Amino acid sequence: MPAAWATSASGEVLRTIDGGATWSVQVSGGNNLSDISAVDANTAWAVGGESIVKTIDGGATWSLQNGAAGEYLYSVSAVNAQVAWAVGFAGVILKTTDGGASWITQVAATNAQKNLTSVVAVDQNTAWAVGTFQILKTTDGGISWISQTSAAPPAVQGFL
């Protein structure tokens, strides 16, 4: 069975390799972890608060990565061991293409001051970020992010 991972606000990562029958607790060194994205049984990134952590040895050790200083992150999506995106508070979008040695801030004009709560990457060029009344998509590696939603949320009709 493939490994599965989960995070906790205390900075712990939970990992199972037997379909959830047992879970091992790993200390990541991050805090307020809210999301994790695994590439394979050994490689995963976790984010939350102002932390980005990565393991390349199945969680035996975790390294705190630079790039999140001053940014509050909610979600991460890894494409492979080199490429991942992270999103968070006030529309921040970060991307690494070098395994996390550096994280570059990407700007999406349509997401200013709106929290991005989730990101899903398909490959090194294509990803979606979602948040407060918005869905953004990039197909050029994050150079541009295009809104996939209307400018205002739809009106909600009440029941009579």
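Note that this is a predicted model, so its numbers are computed, not measured.
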Apply side-chain contact (heavy atoms from CB on, under 4.5 Å) to [X] and list each qualifying residue two or more places apart in sequence or on a separate chain.
X	value
N42	D40
T7	L33, I36, A46
T105	L94

Does any non-hydrogen side-chain atom of [Y] lie less than 4.5 Å from one of [X]?
X	Y	result
N32	Y72	yes
L64	S51	yes
T139	N125	no

What closest approach, in Å, do [X] and [Y] show between heavy atoms, and which atom pair accounts for it?
X	Y	answer
A38	A44	CA-CB, 3.8 Å
T22	T16	O-OG1, 2.7 Å
G88	Y74	CA-CD1, 3.6 Å
V119	S77	O-CB, 3.4 Å
A84	A78	CB-CA, 3.8 Å
Q134	K114	NE2-CB, 3.1 Å

Does atom CD of Q124 have more than 12 heavy-atom neighbours, drawn from other residues, nucleotides or ligands, at distances under 6.0 Å?
->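 Not more than 12 within 6.0 Å, no.
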
Decide if atom CG of D98 counts as having more than 12 heavy atoms of other residues, nucleotides or ligands within a radius under 6.0 Å.
->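 Yes, because the 6.0 Å sphere around CG of D98 holds more than 12 heavy atoms from other groups.
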
Is a side-chain N or O of [X] found less than 3.5 angstrom from the main chain of [Y], in a donor-acceptor match?
X	Y	answer
S28	E12	no
T55	T43	no
Q82	G99	yes
S147	L136	no
Q106	G141	yes
S24	R15	yes

Under a single-linkage definition using a 4.5 Å side-chain heavy-atom cutoff for Ile, Leu, Val, Met, Phe, Trp and Tyr, are [X] and [Y] assigned to the same hydrophobic cluster?
X	Y	result
W62	I52	no
V47	V13	no
V76	V39	yes

With F89 via ring pair (Phe, Tyr, Trp, His ring centres under 6.0 Å) - residues at least two apart |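 By the ring pair (Phe, Tyr, Trp, His ring centres under 6.0 Å) rule, F89 matches no residue at all.
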
Hydrophobic side-chain clustering at under 4.5 Å (ILVMFWY, transitive links): who's grouped with L14? Put none if nobody.
->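 For the cluster that includes L14, the remaining residues are W23, V25.
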
ILVMFWY clustering at 4.5 Å (side-chain atoms), partners of I135 =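 Reading the cluster by chain and number, I135 sits alongside V122, W128, V130.
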
